[in-house]
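Working notes, structure below.
Below, all heavy atoms of this structure are taken into account, side chains as well, without hydrogens, waters or symmetry copies. Letters A, B, ... mirror the listed sequences (proteins, then strands); counts begin at 1.
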There are 2 protein chains.
Amino acid sequence: MVRPYLVTGMNITLRQQIERIVSLSNDEFEWVLSHFTEQYFKKHQIIINEGDYVQNDFYVVKGLIKSSHTNPDGKEHVIQFALEDWWITDPQAFHNQTKATLSVNCLEDSKVLSLTLDNKEKLCRELQKMEYFFLKKTTAGYIALQKRILCLISSTATERYYNLLDQYPGLIQRIPKSMLASYLGVSRETLSRLATI
Amino acid sequence: MVRPYLVTGMNITLRQQIERIVSLSNDEFEWVLSHFTEQYFKKHQIIINEGDYVQNDFYVVKGLIKSSHTNPDGKEHVIQFALEDWWITDPQAFHNQTKATLSVNCLEDSKVLSLTLDNKEKLCRELQKMEYFFLKKTTAGYIALQKRILCLISSTATERYYNLLDQYPGLIQRIPKSMLASYLGVSRETLSRLATI
DNA sequence: TTAAATTAGTGATAATTGTCCTTTATTACC
DNA sequence: GGTAATAAAGGACAATTATCACTAATTTAA
């Protein structure tokens, strides 16, 4: 059964992301897509609370979502921002089916495609190309995190800020500077002073 | 063809690591192992130089290896230490077959099992369990790096140091404190003062 | 075995960053 | 449309960390 409006329509970006790594027939993509659930969230809506069990990994179709950890004295530290075409969840809680240590919430009204762990494993088992795709994506993510670590241990706050602006020029218009500061590991006051240099 | 001395002998840890995730018959493990090359390196030996093409991912059988980046003014920043039963390489250069931006060298005489990218992809293609294994390992690595990032953006130097000692109590006996400092993103003088508290 | 290199600790000082505070501007929402 | 909430900037000061310099102990290697 082919549903061309889906293939050529609104989930084109997910298909493109997958096809940058492996090629899929229309039927294969339809089958892949059938393992996802479409969900809509409002700005400020909390998708995952620290302590929750985590049912899904989220592919962002539209909107902006962040993951963060809040320490005992109430300070929030941003782990990740996810714009369109990114994935986000609490990966530890999701993959090990344990309680979340991160919270995930929306900075804008968002549309996502949700994938349960069971469905992810089913995709991998039954279509090896999908396992290859996830391996490549996860490896790319690992490399990106190593770069962020190098930046954190080797660069000044100013360098880290301009590095972020370079990498994601669109981000600064959509995210409050206090959250960029949190992502960079500096106080919002310090970032405010850096940004005026 | 079964070679029991290998199965029960010196590469037992690699088999155990794989079998924590998927189970293998003796023949399967022999076949997997045949894709690796045994190599020996001396202390201070450079395995990968920045600028090199990277042929291998290295599984450490014995010894201690580090990866690091040296910035233009000559300061070295440690990305990773790899003890026995860990993997190490420049992952970006290895997976994309581009020039290394990290250098990899030995802190102790080391024995490794080297895996080329072609052989890794062959393992994944021909024995899906191995692709599942690499996906699980890479996912676990991703989660570990997210934790290190959270530590870097949310903890003081003192907290990061004691956190490292907690996680890897054996490390401090084998690694100069100047390198632990580099890994933690503080100067060796600062670490020296923290450690005496 | 001895000289050279590496490692570690510490003082003095400068630079960076955090914290607390107030003010102003902007945005969200009844 | 008006009030509340959020966001941003910056002053004043404290805390943290880096840098440079020097010494001592330990390890390495010819």
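- The pair Lys42(B)-Asp109(B) counts as a salt bridge, with a side-chain nitrogen and a carboxylate oxygen less than 4.0 angstrom apart.
- Spacing between atom CG of Leu194(B) and atom P of dG9(C) amounts to 11 Å, rounded to whole angstrom units.
- For the pair Leu191(A) CG and dG10(D) P, the interatomic distance rounds to 12 Å; values are reported in whole Å.
- Side-chain proximity of Thr156(B) to dT17(D), dA9(D), dA8(C): nearest is dT17(D).
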(request) Could you please spell out the steps behind the ring pair (Phe, Tyr, Trp, His ring centres under 6.0 Å) verdict for Tyr183(B) and Phe81(B)? (result) CA-CA 9 Å; Tyr183(B) 178 88; Phe81(B) 297 110; 5.4 Å; yes
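- Within 4.0 Å (heavy atoms only), Ser187(B) reaches at least one base atom of the nucleic acid.
- For the OP1/OP2 pair of dA18(D) and a distance below 4.0 Å, the side-chain nitrogens and oxygens of Thr190(B) include at least one atom meeting the criterion.
- Using bins of under 30°, 30° to 60° and over 60° for the plane-to-plane angle, the ring pair Trp87(A)/Phe36(A) lands in the tilted bin.
- Across the protein-nucleic acid pair, Ile175(B) atom CD1 and dA8(C) atom C1' stand 16 Å apart, rounded to whole Å.
- Atom-to-atom, NZ of Lys42(A) to P of dA28(C) comes out at 13 Å; the value is rounded to the nearest Å.
- Of the candidates dG9(C), dT17(C), dA8(D), the closest approach to any side-chain atom of Lys177(B) belongs to dG9(C).
- Look at CG on Leu184(A): it is 14 Å from C1' on dT17(C), rounded to the nearest Å.
- Ranking dG18(C), dG10(D), dG11(C) by closeness to the Arg193(B) side chain, first place goes to dG11(C).
- Under 4.0 angstrom from either OP1 or OP2 of dT19(D) there lies at least one side-chain N or O belonging to Lys75(B).
- With hydrogens and angles ignored, the 3.5 Å screen pairs no side-chain donor or acceptor of Asp52(A) with any backbone N or O of Val54(A).
- A donor atom on one side chain and an acceptor atom on the other are not found under 3.5 Å apart for Asn163(A) and Arg148(A).
- A donor-acceptor contact under 3.5 angstrom links the side-chain atoms of Arg188(B) to the base of dG9(C).
- The distance from atom CG of Leu152(A) to atom C1' of dT17(D) is 16 Å, rounded to the nearest whole Å.
- Spacing between atom NE2 of His77(A) and atom P of dG18(C) amounts to 11 Å, rounded to whole angstrom units.
- In this structure, the CD atom of Gln173(B) is 17 Å from the P atom of dT26(D), given to the nearest Å.
- Take the nearest nucleotide of DNA chain D for Glu189(B) and for His44(B): the residue whose nucleotide is more 5' is Glu189(B).
- You'll find that the side chain of Ala157(A) is closest to dT17(C), out of dT17(C), dA8(D), dA8(C).
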